[in-house]
Structures are given as structure tokens and as C-alpha cells.
Amino acid sequence: MEPDACESAEERSALALVTRTALERVGLEVSPQEALHPAAVEAAHVAQHVLRSGPPVPERLARLTGMLDRARADGKTAPAPELPWPTGLAVPGPHLQRSVARALKSIPGQNKGSGVPHGSVVAGWLEPEKDAARRAVTLLESAWPGAAAELRTVLVQIALLDGPAIDGFTDFTVHGAVFVRRERLTPDTNGLPGPVRFAEALVHEGAHTRCNAASVAARPFLRPVEGGGPIVATPLRLDPRPLTGLFQQMVVLARSVLLYGRLLADGTGAVGTKNALQARHDRLARSAVDAVATMTRHRDALTDHGTTVLEDAAQVAAQVRV
């Protein structure tokens, strides 16, 4: 449950090797550093898909080559990091736009004929938003250095979303990129400051990123099961989710509770925001308790590694009053 930058770096290296291996199978080479770029990860996923139907035809190989060329160009032309991390505040790019398109398709019940604004797109960063993001990082560095160290290891790009459809998400196809709605950089109606909200979003999406990497590069959390296993209600989604979704929500919520506990303990944040911090902490804590209770009812589906994480999350939930 506690962040670990060293383990994160090991998982990142293992995934980079998977990316390089997949691309080498279609005759394409990338350096270990290039393999970390989310666009290169996407190209590796496409390569794996192509290989399922046999050797790649020239048209598909040309597409893969073009995807890698764009990834390399992005790495060479990207501006100096706006954050005190090597993480980039991403400009809209094809790999990010394709990821958002996939995410929108997974949202249930979108009524595009209702006349209600919908959708989300990758947006460019405005200067005030960059400043709020820097303040969020400073907040994390001060309140939770361990989480900040892990995030600077696992996050390659932070993409900003404009539009009401998606608040934030991660996508293993572009691993290393996280997507956050731009409203998270501004205060909410309860007085929670923008940098605090964005710090929470980074912890949230960073936890998903870490879970995705650990489940593939290290030890899985859930046992393999035919048919995908049960579908259950979860605290953070209206639609029922598979157990892997519940498990990741549990980790996200427990870490978010830990974040707000630290912010409240050291008085971090703007003067007069304690009530807003406490209210957000309590809401997250209630959801964490629910997630732990549901996951405990399905603990037989967990590996030993997953059970250890469940027990850690249960300890977090047991320490809060809801």
C-alpha cells in the first residue's frame, strides 16, 4: 500500500523490456529510454495484435514505423519539463487522442442526442494550469515524499482533458500517461483548492499506473479465472466492475485517504481549508471501507500478494472514523 519508488523503477524496466521485445518481433528497435514513452508502448500493443494474424504486411509495418517515429520526435521536441519531475505536461498527440476515444467508448449510457454537452478531448496546458500543477507537486513533495518519489518514477506524461465525460483515467495501452480533467486544477464548490485536488488526482491515477505495472511485471494480485470472474458494485463507478477494477479502486481509495490524513496532520494547504480537507477525507474513507468490505468477500480470488495488499488496505480503513 505504501509507495515504493525502487520497486516502481524495477517494474518500469521490466515493462520497457516487454515493449522492446514486442517491437523487435516485427523488426523494429527502440532504446530502453524510448521504450518508456507511452506512444512506443502503444506501438508495442499494436505489434502484438498484428502478430496474432501472422507476419506483418508492409502497410501495417509502415504504420508501426510511423508511430515510433512520432514517439521519437515527441521525445526530441518536447519542452523542458514544467514540473520538478521528469514528467511532461503533454501536448495533444495522436496516441493520447486515440486513448481518449477508447475511454469514451467504455462509458455506459452516453446519450449523445440529449442536447447535454458530452465528450472529452485532450487539451493544451494554459500557464495558470501549469502553475497549479507545479504547486500540486510541491504539495506532494512536502506532505508525502514517498508518493512523490514513486510518481516521478511511474508518470511519463500528464494529459489534460477538456469536457465533462471523463474526470480522469489511465490506459495500459499508453502506459506511463495519465489523463486528468482540467477542472481538477481549480477549487471545487466546497472550497478544496485546485492544487490539492490535482495532487489527489495524481495519487489516484498513479496508483492505477502502479497496479497495472505490478500486475504484469511483478506478481499478479488476482488468480486467473475462466470467464473473467464475478462483476461487482464498486464505490467509484456506477456500472458494475470486474474484481480487478474493485481491487484497484481499493488501492486508490486507501492511498487517497493516506494523502488527506497527511495533509490534515501537517496543516498543508491554504488557510481556512481544513473543513474542506476533512470532508474530502471522510468521503474517501467511507468509500475505502466499502471497497475493503466487498473485496474481503471475494478474498479467495486473490493471490498471496493480493491478499497482503488487501490486509494493508484494511488497516488503513480500520484507522479512520466514518
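This is a predicted model, so every value here is computed, not measured.
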May I ask you to list the residues sharing a hydrophobic cluster with L61, side-chain cutoff 4.5 Å, ordered by chain and number?
-> L23, V26, L28, V30, V46, V50, L51, L64, M67, L68
Consider only side-chain heavy atoms of I, L, V, M, F, W and Y, link residues closer than 4.5 Å, and tell whether V257 and M1 are in one cluster.
-> yes
For R283, look at atom CZ and say whether over 12 heavy atoms of other residues, nucleotides or ligands are found less than 6.0 Å away.
-> no
On a heavy-atom basis, the closest approach of A254 and A288 is N-CB, 4.4 Å
Donor-acceptor contact present, side-chain R280 to main-chain L192, <3.5 Å | no
Between L236 and V203, is there a shared hydrophobic cluster once you connect ILVMFWY residues whose side-chain heavy atoms come closer than 4.5 Å?
-> yes
Using modelled atom types only, decide if a donor and an acceptor are shared between the side chain of R25 and the backbone of Q48 within a distance under 3.5 Å.
-> no
T308 (side chain) donor-acceptor with D304 (main chain) under 3.5 angstrom = yes
Under a 4.5 Å side-chain heavy-atom rule over Ile, Leu, Val, Met, Phe, Trp and Tyr, are L96 and V41 clustered together?
-> no
Taking ring pair (Phe, Tyr, Trp, His ring centres under 6.0 Å) as the test, write out the residues that go with H305, two or more places apart.
-> F221
Taking atom CG of L253 and atom CG of L258, what is their separation to the nearest 0.5 Å?
-> 11.0 Å
Audit row: L243, F247, side-chain contact (heavy atoms from CB on, under 4.5 Å) steps and yes/no | CA-CA 6 Å; L243 288 181; F247 184 89; over 6 Å; no
Verdict with supporting geometry, T234 and V232, side-chain contact (heavy atoms from CB on, under 4.5 Å) | CA-CA 6 Å; T234 65; V232 298; 4.2 Å; yes
Would you tabulate the side-chain donor-acceptor contacts of residues 309-317 under 3.5 Å, counting partners in other chains and residues two or more places apart, or write 'none'?
none

Please report the C-alpha distance between L264 and Q278 in whole Å, then the side-chain angles of each, then the deciding distance to 0.1 Å, and finally whether the side-chain contact (heavy atoms from CB on, under 4.5 Å) criterion is met.
-> CA-CA 7 Å; L264 286 163; Q278 188 68 59; 3.5 Å; yes
Table please: side-chain donor-acceptor pairs of residues 154-162 below 3.5 Å, with sequence neighbours left out.
| from | atom 1 | to | atom 2 | distance (Å) |
| --- | --- | --- | --- | --- |
| Q157 | OE1 | H95 | NE2 | 2.9 |
| Q157 | NE2 | D74 | OD2 | 3.4 |

For E7, check side-chain hydrogen bond (donor to acceptor under 3.5 Å, both in side chains) against everything at least two apart and list the hits.
-> R210
Closest non-hydrogen atom pair, A207 against V251 = CB-CG1, 4.3 Å
Looking at E141 and W85, what are the two nearest heavy atoms and their distance?
-> OE2-NE1, 2.8 Å
Does S215 have any side-chain hydrogen bond (donor to acceptor under 3.5 Å, both in side chains) partners at least two apart in sequence or in another chain, and if so, which?
-> none
Starting at OG1 of T296, measure out to CG of L302 and round the result to the nearest 0.5 Å.
-> 8.5 Å
Side-chain (S142) to main-chain (T138) donor-acceptor, under 3.5 angstrom | no
Quick one: does R223's side chain have a donor or acceptor within less than 3.5 Å of a partner on A301's backbone?
-> no
Among side-chain atoms of W144 and E150, is any donor-acceptor pair under 3.5 angstrom?
-> no
Would you call R299 and T307 a side-chain contact if the rule is heavy atoms closer than 4.5 Å?
-> yes
Any chance CZ of R135 has more than 12 other-residue heavy atoms, nucleotides or ligands included, within less than 6.0 Å?
-> yes
Would you say L263 and L139 make side-chain contact, with heavy atoms under 4.5 Å?
-> yes
Check for a donor-acceptor pair, side chain of D4 on one end and backbone N or O of C6 on the other, with a separation under 3.5 Å.
-> yes
Sort and list the pairs that fulfil salt bridge (charged side-chain N to carboxylate O under 4.0 Å, His left out) and have at least one residue in residues 233-251, not counting sequence neighbours.
-> R237-D239, D239-R241
Does the separation of the ring centres of H45 and H49 fall below 6.0 angstrom?
-> no
State, with a plain yes or no, whether a side-chain heavy atom of L222 is found less than 4.5 Å away from one of T303.
-> no
Go through the structure and list residues passing side-chain hydrogen bond (donor to acceptor under 3.5 Å, both in side chains) with D290, not counting sequence neighbours.
-> none
For A71 and A40, work out which heavy atoms get closest and say how close.
-> CB-N, 4.0 Å
Besides L36, the hydrophobic cluster formed by Ile, Leu, Val, Met, Phe, Trp and Tyr side chains linked at under 4.5 Å, directly or via other members, contains none
Take R197 and L185 through the test side-chain contact (heavy atoms from CB on, under 4.5 Å) and record every step on the way to the result.
-> CA-CA 7 Å; R197 298 180 70 206; L185 289 157; over 6 Å; no
By side-chain contact (heavy atoms from CB on, under 4.5 Å), S31 pairs with (sequence neighbours left out) Q33, E34
Exercise: identify the closest heavy-atom pair between A35 and A16 = CB-O, 3.7 Å
Side-chain donor-acceptor contact under 3.5 Å, Y260 with E200 = yes
Nearest 0.5 Å, what's the CG-CZ distance between D266 and R262?
-> 9.0 Å
Supply the atom-to-atom distance T65 OG1 to R60 CZ, rounded to the nearest 0.5 angstrom.
-> 14.0 Å
Are T294 and R297 close enough that a side-chain donor and a side-chain acceptor fall under 3.5 Å?
-> yes
For residues 170-183, which side-chain N or O atoms pair as donor and acceptor with protein atoms under 3.5 Å away, sequence neighbours left out?
| from | atom 1 | to | atom 2 | distance (Å) |
| --- | --- | --- | --- | --- |
| D171 | OD1 | T173 | N | 2.9 |
| D171 | OD1 | T173 | OG1 | 3.3 |
| D171 | OD2 | S99 | OG | 2.7 |
| D171 | OD2 | R102 | NE | 3.3 |
| D171 | OD2 | R102 | NH2 | 2.7 |
| R181 | NE | G163 | O | 3.2 |
| R181 | NE | E183 | OE1 | 3.0 |
| R182 | NE | E129 | OE2 | 2.8 |
| R182 | NH2 | G124 | O | 3.0 |
| R182 | NH2 | E129 | OE1 | 3.1 |
| R182 | NH2 | E129 | OE2 | 3.2 |

Kindly indicate whether the side chain of V121, heavy atoms from C-beta on, has any atom under 4.5 Å from the side chain of V100.
-> no
What is the minimum heavy-atom distance between A136 and A199, and which atoms define it?
-> CB-N, 3.9 Å
Partner set under side-chain hydrogen bond (donor to acceptor under 3.5 Å, both in side chains) for W125, not counting sequence neighbours = none
